[in-house]
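A quick write-up on the structure given underneath.
Keep in mind it's a predicted model, so treat the numbers as computed, not measured. For ligands, and for the atoms within them, numbers begin at 1 and follow the listed sequence.
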Amino acid sequence: MKPSIKSSTLAIPEITQIPRHVTMIMDGNGRWANQRFLPRVAGHSKGLDTVRLMVEECVKHGIEYLTLFAFSSENWRRPPDEVNFLMNLFFKALDHEVARLHTNNIRLRIIGNLQGFSTEIQERIIAAEKLTETNTSLVLTIAANYGGRWDILQATKKALTLHPEISHADMNEEWLSPHLSMAYAPEPDLFIRTGGERRISNFLLWQLAYTEMYFTDTFWPEFDEVAFQKSLDWFKTRERRFGQTGSQVLENTIARNA
Ligand code: IPE
Ligand code: IPE
Ligand code: MG
């Protein structure tokens with residue numbers, strides 16, 4: 001039986017050798033292309049191959065949730081040509097990839113402020129989520145026009161709309177967290193950022209509270225199964241303490257295995 005979804009700050013989650021939920025910041029597309037004297041956008045196209053590969057890899061490893069950061073709420077600041085290219089790529093991917101995801105029993109979910117997208121893209125998103133909603137293999141989440149601060153704010157607004165009379169004393173995690181974008185998933189166990197930067201860039205701020213953070217210099221278009229395996233091997237070596245001491249963790253493990 002799958003462990004129930006719990007908040008890492010309210011209860012200690014079950015520790016597994018293989019992460020249940022992996023998130024990835026797919027970074028370094030532009031620099032990968034620049035290194036090859038190609039336009040930056042060539043890196044985005046190539047990056048789509050890595051997305052396909054990572055979906056396959058996660059299924060292979062029995063990972064239940066894969067969440068990919070595709071476009072941040074701050075990426076609108078990029079040159080209009082690059083933004084247009086990314087929108088077209090997103091649109092085409094929704095058109096071409098969804099059937100394959102569906103055949104492979106993969107559920108697709110999109111998180112982020114969808115009102116920022118054209119109506120065509122919004123319609124495609126709704127259709128793709130509907131088509132794949134009963135699929136039971138991997139849950140693939142794409143974060144698009146997503147910002148961690150936006151997420152916390154939109155959840156607060158929803159919670160207050162539902163409970164307008166709530167007193168300050170009653171505002172707690174259980175009141176807020178059901179309205180966060182990823183309320184359907186356990187918190188990420190493993191975070192991977194490619195491309196060499198060691199920052200969160202306004203990704204899942206709330207949900208990453210106790211996530212193991214893995215950074216690699218490899219650019220996203222070059223991130224492959226070997227590089228991914230390295231991150232999974234690293235994950236296995238982490239001692240996840242969730243605020244406890246190392247000896248408490250050891251005692252718990254011994255008690256569980258007894
Ligand atoms: C990540 O690659 C893709 C998006 C942010 C959409 P970048 O485009 O940020 O690539 P670099 O960081 O400039 O190399
Ligand atoms: C983060 O990458 C967003 C995505 C990968 C979608 P950025 O390249 O936008 O992040 P910064 O600007 O370097 O922090
Ligand atoms: Mg970048």
Any idea which atoms of ligand 2 are less than 4.0 Å away from a heavy-atom of F71?
6 (C)
Of all protein heavy atoms, the one nearest atom 10 (O) of ligand 1 is G30 N, 2.9 Å
Nearest non-hydrogen protein atom to atom 1 (C) of ligand 1, with distance, is M26 O, 2.9 Å
Those atoms of ligand 2 less than 4.0 Å from some heavy atom in I25:
1 (C), 5 (C)
Locate the shortest heavy-atom distance separating G43 from P221; write the atom from each residue and the value.
O-CG, 3.8 Å
So for G195, does at least one of its heavy atoms come nearer than 4.0 angstrom to any atom of ligand 1?
no
Taking only non-hydrogen atoms of R31 and a 4.0 Å limit, the atoms of ligand 1 in range are 11 (P), 12 (O), 14 (O)
Would you say ligand 1 has an N or O under 3.5 Å from any N or O of N75?
no
Over 60° means perpendicular and under 30° means parallel, so classify the ring planes of F117 and F90, tilted if in between.
tilted
Below 4.0 Å from ligand 1: does a non-hydrogen atom of R40 turn up there or not?
yes
Please find the pair of heavy atoms, one from I18 and one from H61, that lie closest to each other, and give the distance.
CG2-O, 3.6 Å
Please state which part of R199 comes within less than 4.0 Å of ligand 2, counting heavy atoms only: side chain, backbone, both or neither.
side chain
Once the angle between the rings of W150 and Y146 is folded into 0 to 90°, is it parallel (under 30°), tilted (30 to 60°) or perpendicular (over 60°)?
perpendicular
Which atom names give the shortest non-hydrogen contact between F235 and Q17, and what distance separates them?
CD2-O, 3.4 Å
Side-chain donor-acceptor contact under 3.5 Å, R149 with S73:
no
Just heavy atoms, cut-off under 4.0 Å: does A70 contact ligand 2 by side chain, backbone, both, or neither?
backbone
Just need the protein heavy atom nearest to atom 7 (P) of ligand 1, so name the residue and atom and give the distance.
D27 OD1, 3.5 Å
Does a side-chain N-to-carboxylate-O contact under 4.0 Å join D233 and K230?
no
D27: which N/O/S atom is nearest the Mg ion (ligand 3)?
OD1
Among protein heavy atoms, which sits nearest to atom 2 (O) of ligand 1, and what does the distance come to when rounded to 0.1 Å?
N29 N, 3.3 Å
Are side-chain N/O atoms of T132 and N135 paired as donor and acceptor at under 3.5 Å?
no
Between E187 and R240, is the closest basic N to carboxylate O distance under 4.0 Å?
no
Does only the side chain of R193 get under 4.0 Å from ligand 2, or the backbone, or both, or neither? Count heavy atoms.
side chain
Which protein non-hydrogen atom lies closest to atom 14 (O) of ligand 2, naming both residue and atom, and how far is it?
S201 OG, 2.6 Å
With rounding to the nearest 0.5 Å, note down the distance linking CD in E197 to CZ in R199.
4.0 Å
Using distance alone, decide if ligand 1 has a nitrogen or oxygen within less than 3.5 Å of any nitrogen or oxygen in R78.
yes
Salt bridge or not for R20 and E14, using N-O below 4.0 Å?
no
Are any of the heavy atoms in G43 under 4.0 Å away from ligand 1?
no
